[in-house]
Amino acid sequence: MVDTVENALATPDSAQPWAALGLREGEYARIREVLGRRPTGCELALYAVLWSEHCSDKSSKVHLRRFAALGTDTPRGPVLVGTRHRAGVVDIGGGLAVTLTIGSHHPSLADPHQGAATGVGCIVRDTLALGARPIALLDALRLGPLDAPDTARVLPGMVAGVGGQGNGLGVPTIGGETVFDEVHLGSPLVNAVCVGVLRPEDVQTNRATGAGNRVVLYGAATGGDGTADTPLGRLLVECTLELVASGLVVALQGLGAAGLACATSEMASAGDGGLHIDLDKVALRDPALSPEEVLTNASPERMVAIVRPADLDAFSAVCARWGVPATDIGEVIPGDRLHIDHHGRRVVDVDPRTVTGDCPVDELPLARPHWIDALNADRAEDLPRAASGEELREQVLRLVGSPNLCDRGWITDQYDRHARGDTVLAQPEDAGMVRLDEASGLGIALSTDNNPRFCLLNPYLGAQLALGEGYRNVATTGAQPVAVTDGLNVGSPRDPDVMWQLQESVMGLVDGCLALGTPVTGGTVGFHHRADGRNIHPTPVVGMLGVIDDVSDRTPMGFAHPGDAIVVLGHTREELSGSAWADVVHGHLGGMPPMPHLADEKVLGGVMTAAARQRLLSSAHDLSEGGLAQGLVESCLRNDLGAALTLPEGDPTVWLFSESPARVLVSVSAQHYGQLGVLCAEAGVPLTRLGEVVDQPGLEVLGQFTLPLDELRARWEAPIREAVGGR
């Protein structure tokens, strides 16, 4: 028997499974107080999913409120839609705006393919819901050790999910990162970033308004599984864009993790009226679904639109032309109630604002970990260093062939990086770049960055280092960094250590964004990333958006011309703790991470964008994980050109493997070397000339070692391909 409002009033003491749905006793009591009665089964499900951590951020919102201090101004234009929405929108000038959103997905261990595909599909629909065309994706993957048996299953599944969904939707995947670490054994992580483009005046809202307007559910039928239908997803994209362009949509929202429960509650809360929904009209793949399941089902490839009655036939005609099923399931009603019926009987009668806006806030205990002082005292700077050039040579080879520094080609070659024909930079470049306007050349650059090892040592500094690296990666291509989205991934919120890590990460990002002038447009929080009683390292993934006036001014990462000078811009310091050198050579994690220098990052970024506009540089590559050694190897291998250089005075281990931030490796012709020097001198950016690009197949560090490019390439390309059995 379906539990109706009438029945709830008549049976106030009926036992309900509130604990099994994730609600605590106090939350259940609050629901009864809000309603003035016990909830129906559908109402209980509604509150349970919308008050969950995933939908309400109830354990993190006390910290996320700090982002409000960043304001809504970017270096290019205002933030048009900010952190209260599923995706941000930034006006970048030239009559264009860009959407920016990040998502995460948990079920990537049980079903890596479907988990990754669903995560990508969700953020694409969030982009569509703003009226924007999705134009680029990035992925940030975290897995267990590369040599762990289960990684050979999880990695191919994840990559197939990201690639299959992006490729199938016709959206290029142009950047990202993949990290292997034992803390992710049993708790893999998928973050994905989607960007879209639209005109500022065309931004759609999710506000249900206009009594009598119809509620239309269109896309896939609602089913018991969560399988993504990529062909239908592609049709849904084009159908939605035509509906928006035709002016047939009053309000729009994608269906995410909480399905209709979330969409109807949020649209009613945001608007000036209520909603009436008839669950009997929802198209089902599984007719055995209960009304509670229909309401909360998370089937992908579905959207909800508010449509004027006079436009309903035209709306349906567009959907039919694209082969996208559409069903009128309700209407906007006067007042402030959400009414949902099943078989003609009322199963939901709530004020939607109590579902979405008055969610509980959990101020969970936090504490600085007792173990962190000992960890910070165990400095990598005190570890043994190479005593000879031959030992340095071997260490460079070990780093190049390590899981977190080796070639990602096996992954990225499965992604269509050039779908739509506007990609101008893609992996392995420091940032992806997409052209938005063919006439002017206006484009955007995008990167995702995070080093979880730094974040474990100090989450505040680690978050700022991720932010600085993202800023630097975008600026290195010649684009001006303008805005940030963040994916805050941590362990159990019931662990005070974890909540301290989250607080510190947020504070680090807020302070860092204030220093750089890059507001946060939105993001996501992912808790419960743990396995076998062990939390993951705090992982605040930073997605950085940059704007470039003309993509033809871009600076690629690889050495391009023999005879060019090889130069490091920025300060190199003795900062080895948390580094790839400490990890790969010594199996060590301890000390304090490198100190962020955000003022230096901002100045260096200005130099890089100015140099790009003046077309001074042949190449530019940020220096981060693996330090100068890795930067040199990747710059050489990109175009099979060698390098001959001499390290400056001092410890060669520091020069080769330090991971000091605010540094870039560039190559520059003799013609432009003087201009670059003037640019750096005026900005106060140190310039250190190391040597030159050579038309010889080797990396030679004079007085230390020589490494043939063939040997470097073999070490660099082998690890992932061998780990997945050559698939």
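The first residue in the sequence is number 1, and the count goes up from there.
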Mind checking whether [X] and [Y] have side chains closer than 4.5 Å, heavy atoms only?
| X | Y | result |
| --- | --- | --- |
| Pro519 | Cys513 | no |
| Thr688 | Trp655 | yes |
| Val195 | Ile135 | yes |
| Pro594 | Leu465 | yes |
| Leu679 | Leu616 | yes |
| Val685 | Val603 | yes |
| Ser667 | Leu617 | no |
| Ile174 | Leu137 | no |

Check whether [X] reaches the backbone of [Y] with its side chain - one donor and one acceptor, N or O, closer than 3.5 Å.
| X | Y | value |
| --- | --- | --- |
| His184 | Ser187 | yes |
| Glu381 | Ser577 | yes |
| Ser658 | Arg573 | yes |
| Glu659 | Gly626 | yes |
| Ser635 | Leu632 | no |
| Glu182 | Gly144 | no |
| Thr476 | His621 | no |
| Asp437 | Leu442 | no |

Salt bridge or not between [X] and [Y]? Use side-chain N to carboxylate O under 4.0 Å.
| X | Y | value |
| --- | --- | --- |
| Arg368 | Asp373 | yes |
| Asp622 | Arg663 | no |
| Arg494 | Asp362 | yes |
| Glu429 | Arg417 | no |

Margin query: One pair to check against salt bridge (Lys or Arg N to Asp or Glu O under 4.0 Å): Asp583 and Arg453. What are the steps and the verdict?
Written below: CA-CA 9 Å; Asp583 178 33; Arg453 291 165 56 83; 3.5 Å; yes

Tell me the closest heavy-atom pair linking [X] and [Y], and the distance in Å.
| X | Y | result |
| --- | --- | --- |
| Leu96 | Asp91 | O-OD1, 3.4 Å |
| Ala136 | Leu446 | CB-CD1, 4.1 Å |
| Ala475 | Gly605 | CB-CA, 3.7 Å |
| Leu130 | Ala87 | CD1-CB, 3.4 Å |
| Ala620 | Val664 | CB-CG1, 4.1 Å |
| Thr485 | Gly523 | OG1-CA, 3.8 Å |

First locate atom [atom1] of [X], then atom [atom2] of [Y], and finally report the distance between them rounded to the nearest 0.5 Å.
| X | Y | atom1 | atom2 | value |
| --- | --- | --- | --- | --- |
| Asn451 | Glu625 | CG | CD | 5.5 Å |
| Asp57 | Thr524 | CG | OG1 | 7.0 Å |
| Leu545 | Gln480 | CG | CD | 10.5 Å |
| Thr572 | Asp651 | OG1 | CG | 12.0 Å |
| Phe454 | Ser579 | CZ | OG | 7.0 Å |
| Asn489 | Leu189 | CG | CG | 4.5 Å |

When you check the side-chain N and O atoms of [X] and [Y], is any donor under 3.5 Å from an acceptor?
| X | Y | result |
| --- | --- | --- |
| Asp139 | Asn191 | no |
| Ser447 | Asp449 | yes |
| Glu53 | Ser59 | yes |

Notebook entry, point to check: Going through the distances and angles, do Arg142 and Asp181 end up as a salt bridge (Lys or Arg N to Asp or Glu O under 4.0 Å)?
Noted result: CA-CA 7 Å; Arg142 303 288 188 276; Asp181 194 290; over 6 Å; no

Next item on the list: Evaluate the criterion side chain to side chain contact (heavy atoms under 4.5 Å, CB included) for residue pair Leu366 and His63; output intermediate values, then yes/no.
Entry: CA-CA 12 Å; Leu366 56 85; His63 305 294; 3.7 Å; yes

Notebook entry, point to check: Does CD belonging to Glu574 count more than 12 external heavy atoms closer than 6.0 Å?
Noted result: yes

Next item on the list: Could you walk me through whether Leu467 and Met544 pass side chain to side chain contact (heavy atoms under 4.5 Å, CB included), step by step?
Entry: CA-CA 8 Å; Leu467 179 67; Met544 181 67 70; 3.8 Å; yes

Note to self: Under the criterion side-chain hydrogen bond (donor to acceptor under 3.5 Å, both in side chains), I'd like the reasoning laid out for Asn376 against Asn458: C-alpha separation, chi angles, the key distance, then a yes or no.
What the structure shows: CA-CA 8 Å; Asn376 292 155; Asn458 189 299; 5.4 Å; no

Next item on the list: Please lay out, stage by stage, how Asp378 and His588 fare under the test side-chain hydrogen bond (donor to acceptor under 3.5 Å, both in side chains).
Entry: CA-CA 9 Å; Asp378 184 16; His588 179 274; 3.2 Å; yes

Margin query: Name the residue from Arg554, Arg76, Arg613 that meets the salt bridge (Lys or Arg N to Asp or Glu O under 4.0 Å) definition with Asp549.
Written below: Arg76

Notebook entry, point to check: So Ile123 and Thr101, side chain to side chain contact (heavy atoms under 4.5 Å, CB included) or not? Walk me through it.
Noted result: CA-CA 7 Å; Ile123 60 172; Thr101 185; 3.9 Å; yes

Check: Should the pair Trp581 and His586 be assigned to parallel (<30°), tilted (30 to 60°) or perpendicular (>60°) ring geometry?
Finding: perpendicular

Notebook entry, point to check: Please walk me through it: do Val510 and Gln464 pass side chain to side chain contact (heavy atoms under 4.5 Å, CB included)?
Noted result: CA-CA 9 Å; Val510 170; Gln464 292 197 342; over 6 Å; no

Margin query: Using side-chain hydrogen bond (donor to acceptor under 3.5 Å, both in side chains), reason through Glu575 and Ser660 one step at a time and then give a plain yes or no.
Written below: CA-CA 6 Å; Glu575 295 178 305; Ser660 296; 2.5 Å; yes

Note to self: Is there a side-chain hydrogen bond (donor to acceptor under 3.5 Å, both in side chains) between Ser624 and Glu469? Walk through the geometry before answering.
What the structure shows: CA-CA 7 Å; Ser624 52; Glu469 185 178 356; 3.1 Å; yes

